[in-house]
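These numbers were taken from a predicted model, which means no experiment stands behind them.
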Amino acid sequence: MPELPEVETIRSQLEPEIAGRRIVAARVHDERWTRPEDPRALEQAVAGRLIERVGRRGKYLVVSLEGDLHLVMHLRMTGNLLLRPADAEPVPPEPADLADARDLGGPRLYPTPSEPRHLRAEFELDDGSELWFTDARRFGHGVVLRGSELDAYFDARLGIEPLSGELTPQVLLELARGRTAPLKSFLLNQRWIAGIGNIYADEALHRAELHPLSLAGSLRPEHAEALVEGIVGALETGLANGGSSIDDYRDARGRKGSMQDEFLVHTREGEDCPRCGGTIRRIVVTGRSTYFCPECQVRLRRRPRRRRAARRRA
């Protein structure tokens with residue numbers, strides 16, 4: 001699933017390309033994409049409107065339109081948002097001679113078919129370019145919201161932004177206080193911290209030298225400080241590498257990211273830990289494959305409860 005670095009990579013590529021452009025027409029090819037709303041209503045709402053900016057909240061992309069209207073999209077498991085220029089010719093998605101072209105300013109690459117497989121929605125812009133939402137597993141979603149609805153929509157789904165400066169050790173301790181969920185599950189919960197998924201949770205915990213099965217409520221100030229640094233470090237490294245392309249993810253130009261080449265532990269079961277040389281293991285936490293080093297990632301224990309008499313003496 002695309003996580004914060006992947007979605008932010010797409011946002012940063014789209015913003016200079018489509019801000020100021022007008023949506024000439026919108027076509028939703030899969031009614032599941034807007035469910036439970038009528039896809040025709042979305043098409044009519046956005047057609048003819050000027051794109052003012054492209055934003056992100058957690059793993060959501062927000063295309064803000066004139067008239068205080070916002071097209072909110074979530075890529076879910078296998079969604080991609082591709083910008084196809086007016087003069088684009090069908091080309092192989094990643095020719096061998098361009099496979100290592102990772103810089104964000106490199107050539108754009110697009111799906112080969114003129115009518116690509118898995119196309120769920122498309123938006124025609126006034127310069128002849130098109131924005132395609134493709135999704136093999138059909139879990140992606142699009143919805144149109146008014147500005148007055150945005151805060152309530154996101155407040156019900158998302159916590160703080162980890163790269164905004166809001167995530168401090170003190171805030172993290174407060175969020176984790178008393179929680180008995182494993183740290184891995186805690187990091188995946190979008191209601192606490194927005195944008196972290198399976199990949200960057202593994203990478204952040206390894207950077208912080210914390211075991212994924214440690215209870216969230218067992219964090220102490222020094223652990224919280226290390227984990228905040230680990231989260232920010234993992235996400236920033238993902239951004240610098242254009243995201244992770246393990247399976248389906250492609251950026252707005254149809255290209256793979258290269259973060260998968262920088263993984264410290266994720267998907268590296270049986271390999272040596274880059275920090276201590278221990279063997280990286282894989283376990284399942286809350287139904288998600290989880291990779292960690294049992295040698296250097298410390299499993300925290302729940303703090304023992306003081307007896308009632310000890311509390312009275314205190």
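Contact check for M73 versus W33: side-chain heavy atoms found under the 4.5 Å cut-off. Using a 4.5 Å cut-off on side-chain heavy atoms (C-beta onward), L4 and Y200 make no contact. For the pair D251/Q13, a side-chain contact is recorded, criterion being any heavy-atom separation below 4.5 Å from C-beta on.
Formation of a donor-acceptor pair under 3.5 Å by the R21 side chain with backbone atoms of E17 is not found in this model. A distance-only check finds no donor-acceptor pair linking the side chain of E37 to the backbone of T34 [under 3.5 Å]. Remark: side-chain polar atoms of D151 are not paired, donor with acceptor, to backbone N or O of D155 under 3.5 angstrom. At distances below 3.5 Å, at least one donor-acceptor pair connects side-chain atoms of E3 with backbone N or O atoms of G197. Looking at T290, its side chain does come within 3.5 Å of a backbone N or O of R288 through a donor-acceptor pair. No donor-acceptor pair closer than 3.5 Å links the side chain of R177 to the backbone N or O of R179. Side-chain atoms of N189 come within 3.5 Å of backbone N or O of R191 as a donor-acceptor pair. Of the possible donor and acceptor atoms, one in the side chain of Q190 sits under 3.5 Å from a partner among the backbone N and O of I196. Judged by distance alone, the side chain of E161 and the main-chain N or O of G58 form a donor-acceptor pair under 3.5 Å.
Partners of Y249 according to the ring pair (Phe, Tyr, Trp, His ring centres under 6.0 Å) rule, which considers only residues two or more places apart in sequence or in another chain, do not exist here. D202 pairs by the salt bridge (charged side-chain N to carboxylate O under 4.0 Å, His left out) definition with K184, not counting sequence neighbours.
Ring geometry for F292 against H211 counts as tilted: the plane angle lies between 30° and 60°, on a 0 to 90° scale.
Closest of all the heavy-atom pairs between V265 and Q297 is CG1-OE1, 4.3 Å. Across all non-hydrogen atoms, the minimal contact from R250 to I10 is O-CD1, 4.1 Å. Among all heavy-atom pairs drawn from P85 and S129, the shortest one is CA-CB, 3.9 Å. When all heavy atoms are compared, the tightest approach of A234 to M259 is O-CE, 4.2 Å. Closest approach of M77 to P2, counting heavy atoms only: O-CD, 3.7 Å. Nearest heavy-atom pair, A194 versus R57, reported as atom, atom and distance to 0.1 Å: CB-NH1, 3.8 Å.
Taken together through direct or relayed side-chain contacts under 4.5 Å among Ile, Leu, Val, Met, Phe, Trp and Tyr, V298 and V285 form parts of separate hydrophobic clusters. Using a 4.5 Å cut-off between side-chain heavy atoms of Ile, Leu, Val, Met, Phe, Trp and Tyr, with links allowed through other members, L188 and Y291 fall into different hydrophobic clusters.
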Item to complete: Would you check, one step at a time, whether the test side-chain hydrogen bond (donor to acceptor under 3.5 Å, both in side chains) holds for T78 with R137?
Response: CA-CA 6 Å; T78 59; R137 298 185 66 179; 5.6 Å; no

Fill in: Verdict with supporting geometry, R27 and E124, salt bridge (charged side-chain N to carboxylate O under 4.0 Å, His left out)
CA-CA 8 Å; R27 290 176 286 274; E124 181 184 347; 3.7 Å; yes

Discussion item. Between R138 and D30, is the salt bridge (charged side-chain N to carboxylate O under 4.0 Å, His left out) condition met? List the steps.
Written reply: CA-CA 8 Å; R138 303 174 68 194; D30 184 350; 2.7 Å; yes

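Taking OG1 of T134 as the reference point, atom CG of D248 lies at 8.5 Å (rounded to 0.5 Å). Here the CZ-CG distance, from R301 to L215, works out to 9.0 Å after rounding to the nearest 0.5 Å. Atoms CH2 and CZ, from W132 and R84 in turn, are 4.0 Å apart once rounded to the nearest 0.5 Å. Here the straight-line distance linking atom CG of N198 with atom CD of E203 works out to 10.5 Å at 0.5 Å rounding.
Residue R40 places its CZ atom among more than 12 non-hydrogen atoms of other residues, nucleotides or ligands, all under 6.0 Å distant.
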Donor-acceptor contacts under 3.5 Å from residues 61-69 side chains, at least two apart:
unit_1: S64; atom_1: OG; unit_2: H70; atom_2: ND1; d: 2.8
unit_1: E66; atom_1: OE2; unit_2: R22; atom_2: NH1; d: 2.7
unit_1: E66; atom_1: OE2; unit_2: L50; atom_2: N; d: 3.0
unit_1: D68; atom_1: OD1; unit_2: H70; atom_2: NE2; d: 3.2

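Electrostatic pairing of R11 and E15 counts as a salt bridge here, judged by a charged N lying under 4.0 Å from a carboxylate O.
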